[in-house]
Amino acid sequence: MMPKPDSVAPALRSELKQFSAVAVKVLLFSMVLNLLVLTVPIYMMQVYDRVIPTRHLETLLFLSLIAVGAVALYILLDTVRTHVLIKVGHQLMLALRSKVLFACVQSTAAGHNIGKQPVDELESVRLCLSGAAFCALFDLPWLVLFIGIVWIVHPVLGVFALSAVIVMAGITAISSVVVRNNIVAGRSADAQSDRFGSAIVESASTVMSMALWPRAQDFWKNLQTKGLKQKLPAELDSATFKALTKGSRTLIQIGALGIGAFLASSQEITPGAIIAVSILLNRALAPVDALVSGWRQFANAFQVSKQVNNLLRTYPVPTDKVNLPAPRGEIHFEQVTYLPAGRKKATLSGISIRISAGKTVAVVGASGSGKTTFCKTLLGYLPLRSGNVRIDGASLSDWNLKDLAPHVGYVSQHSEYLPGTVEQNIARFTPDRSLEVIEAAKLAGVHELILALPQGYQTVLDKNGAPLSGGQQQRIALARAIIGKPRILVLDEPNANLDADGMIVLSDILATVKSWGTTIVMAVHNTALFAHADQILVLEHGCVAAFGPREDILQRMRPDRSKALHAREGLNAQR
């Protein structure tokens, strides 16, 4: 069972802790960089106050050499700081992408159609880490130093500098509040239009054959328009605040020069101090200016980080547990209840059954009774509302995925593939399994079919299984499920796309797999596969209506089903 969101430590924070030592180094670099910023104002003060009045060119030469060296060191340290932040961004993305993709898979399987958009949006976090707005956060504390130096030059200038910082900080705070809400709304609208656009492309045959394109296009355009309308205010406000910031900076510079000139004319400060104060004030306001200019990027990255953190808290990557031995295949459902996201009615409610190792169970029931959910719950990736599913007495949450997965086979209603070769898909993308792949393909009756393909086992399949037909896809999915002789085999409508020959092959597969001692759970709609079942589970509205030996359950069902079953068994015996 998946852990509750509040039971898991914020995953994004734990990832960022790895880079805490790097953050300390960047902070130290920033301290040196901001001290080196004093080079220019000090140089200007010395030139105006000492070199020009005295005309000592030797002093000018030494001051210039020192200034050039300090600027060269500044360039070096600033480059190193930026490179470090870029590398940290890439390392953080490498650490997060697989975890976020796993969370997206888990979320989609649980009924949230979010696709892989959170993985794509991580790029905005990486770009923010190496952007000017993020670097400004490390420079921001040092504006106190610059204001303090300006204050030492003259208290009036210090008060003016402090007031200027307060004004610029106020502009930043207001812009953050105004822009942030519109960014959140715009991102939500963009996500909806992206998902709908992806659905149009993935359902191309239906869209074109049923002339859905014009209406689908209009609906997608409406979503796009909605997103643009919600993002437009944020972009306009951001541009307005940028212009306001630039204008304010110019006015502050003019004010600093004007006050400096007045104080210099009163001989309260030197002419060189006017230039120095102007440079220091400009440097003090630079981080605030950078935050205003890059606030939209910064706010977007913050929202992405918040979403990713919530996603990783809800669907964390399982931690390594004690390695358990290969399962025998005994399955126990203990008061299992599953409530899909956003629903008020449970799909499964209070399921409690025990399936002995090596038994074959047919799960039947009307459409919507919970058969598919029952199968998926057994696979362990649905977050249960309550209850537990155990394999050989161990809860599914106690199993390492890498220990259990090789011993479990699964065939869904609609065959799903990863883009890759036929061999890779049957081998579950595990290398060096060619002999097992061929053995599984022969058992599934698709060896000759695969050899007849243009590139044989190296034929590339897309995610929909093309260029194979539906029946061929189903049989290759069966081969993938039985590779390695699994101890548990879960089949969800395995005969949905099979013809008469495919049904014969499926019947042979079930007989062979059963001889391995494999526990088989298969959701079926008709009695065609009842002959292979030891037990039958009847579901009604997500609850157990009946569960027991095949003959007992058949006697409680319609009499003609029992007759059909015995007739079919007789035909199989004659054949």
Side-chain angles (χ1 to χ4, degrees), residues 322-334 351 353-364 371 374-380 388-396 398-412 426-428 430 433 435-447 475-495 503-524 528-537 547-553 565 569 572-573:
V322 176
N323 294 328
L324 298 174
R328 301 185 309 277
E330 180 179 314
I331 302 168
H332 186 196
F333 278 68
E334 298 176 335
I351 303 292
I353 63 170
R354 186 184 295 273
I355 302 172
S356 301
K359 296 295 183 180
T360 299
V361 176
V363 184
V364 299
K371 300 188 300 298
F374 179 86
C375 292
K376 291 181 177 180
T377 302
L378 176 55
L379 299 171
N388 211 347
V389 179
R390 296 185 180 276
I391 305 293
D392 292 357
S395 171
L396 283 175
D398 294 331
W399 283 89
N400 278 318
L401 182 63
K402 65 178 188 288
D403 295 334
L404 184 60
H407 303 288
V408 177
Y410 173 60
V411 177
S412 60
I426 294 178
R428 307 184 187 184
T430 303
R433 299 189 75 179
L435 294 179
E436 291 181 281
V437 168
I438 294 174
E439 181 183 358
K442 287 181 177 178
L443 180 57
V446 290
H447 178 63
R475 289 166 71 173
I476 288 180
L478 284 166
R480 177 178 60 187
I482 61 177
I483 190 172
K485 298 183 177 181
R487 304 304 303 167
I488 298 173
L489 181 63
V490 182
L491 307 174
D492 190 3
E493 301 291 343
N495 57 339
M503 282 297 299
I504 294 173
V505 172
L506 176 59
S507 182
D508 293 339
I509 290 175
L510 291 174
T512 302
V513 172
K514 190 171 183 178
S515 70
W516 297 341
T518 299
T519 304
I520 303 173
V521 177
M522 53 183 180
V524 297
L529 298 175
F530 278 10
H532 299 278
D534 300 306
Q535 297 172 301
I536 295 177
L537 169 64
F547 177 63
R550 178 186 62 183
E551 293 295 339
D552 293 348
I553 300 301
L565 173 65
E569 288 179 331
N572 289 339

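Quantities reported herein were computed from a predicted structural model and do not represent experimental measurements.
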Could you tell me the separation between the [atom1] atom of [X] and the [atom2] atom of [Y], rounded to the nearest 0.5 Å?
{"X": "F333", "Y": "N388", "atom1": "CZ", "atom2": "CG", "answer": "10.5 Å"}
{"X": "L506", "Y": "H532", "atom1": "CG", "atom2": "NE2", "answer": "7.0 Å"}
{"X": "R487", "Y": "I520", "atom1": "CZ", "atom2": "CD1", "answer": "11.0 Å"}
{"X": "L379", "Y": "F374", "atom1": "CG", "atom2": "CZ", "answer": "10.5 Å"}
{"X": "I553", "Y": "L537", "atom1": "CD1", "atom2": "CG", "answer": "8.5 Å"}
{"X": "T360", "Y": "I536", "atom1": "OG1", "atom2": "CD1", "answer": "11.5 Å"}

Would you check if [X] and [Y] make a side-chain contact, meaning some heavy-atom pair closer than 4.5 Å?
{"X": "L324", "Y": "D403", "answer": "no"}
{"X": "L396", "Y": "L404", "answer": "yes"}
{"X": "T430", "Y": "I483", "answer": "no"}
{"X": "P494", "Y": "L529", "answer": "yes"}
{"X": "M522", "Y": "L510", "answer": "yes"}

If only atom types and distance count, is the side chain of [X] paired as donor or acceptor with the main-chain N or O of [Y] below 3.5 Å?
{"X": "R428", "Y": "A481", "value": "yes"}
{"X": "S515", "Y": "T512", "value": "yes"}
{"X": "D392", "Y": "R328", "value": "yes"}

Determine, for E330 against R390, whether the closest basic-nitrogen to carboxylate-oxygen distance falls under 4.0 angstrom.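 Here E330 does not pair with R390 in a salt bridge, since their nearest N and O are not under 4.0 Å apart.
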Check [X] against [Y] and note the closest heavy-atom contact, atom names and distance.
{"X": "V411", "Y": "A477", "result": "CG2-O, 3.6 Å"}
{"X": "V437", "Y": "A427", "result": "CG2-CB, 3.6 Å"}
{"X": "T518", "Y": "L489", "result": "CG2-N, 3.8 Å"}
{"X": "A523", "Y": "D492", "result": "CB-OD1, 3.6 Å"}

In this structure, are over 12 heavy atoms from other groups packed under 6.0 Å from K514 atom NZ?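 Atom NZ in K514 is crowded, with more than 12 foreign heavy atoms closer than 6.0 Å.
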Does atom CD (E439) have a neighbourhood of more than 12 heavy atoms from anything else shown, all under 6.0 Å?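 No, CD of E439 has 12 or fewer neighbouring heavy atoms, counting only those of other groups under 6.0 Å.
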Partners passing ring pair (Phe, Tyr, Trp, His ring centres under 6.0 Å) against H447 (at least two apart in sequence or in another chain):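 Scan of H447 (ring pair (Phe, Tyr, Trp, His ring centres under 6.0 Å), adjacent residues dropped) gives Y457.
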Name of the residue among L491, I482, T519 meeting side-chain contact (heavy atoms from CB on, under 4.5 Å) with V513: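 Per the side-chain contact (heavy atoms from CB on, under 4.5 Å) rule, the option paired with V513 is I482, out of L491, I482, T519.
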Sole residue of L378, I488, I331 in side-chain contact (heavy atoms from CB on, under 4.5 Å) with I355: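 Result for side-chain contact (heavy atoms from CB on, under 4.5 Å) with I355: I331.
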List for me each residue that meets salt bridge (Lys or Arg N to Asp or Glu O under 4.0 Å) alongside D398, sequence neighbours excluded, and say none if there are none.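 Once residues adjacent in sequence are excluded, D398 has no partner under the salt bridge (Lys or Arg N to Asp or Glu O under 4.0 Å) criterion.
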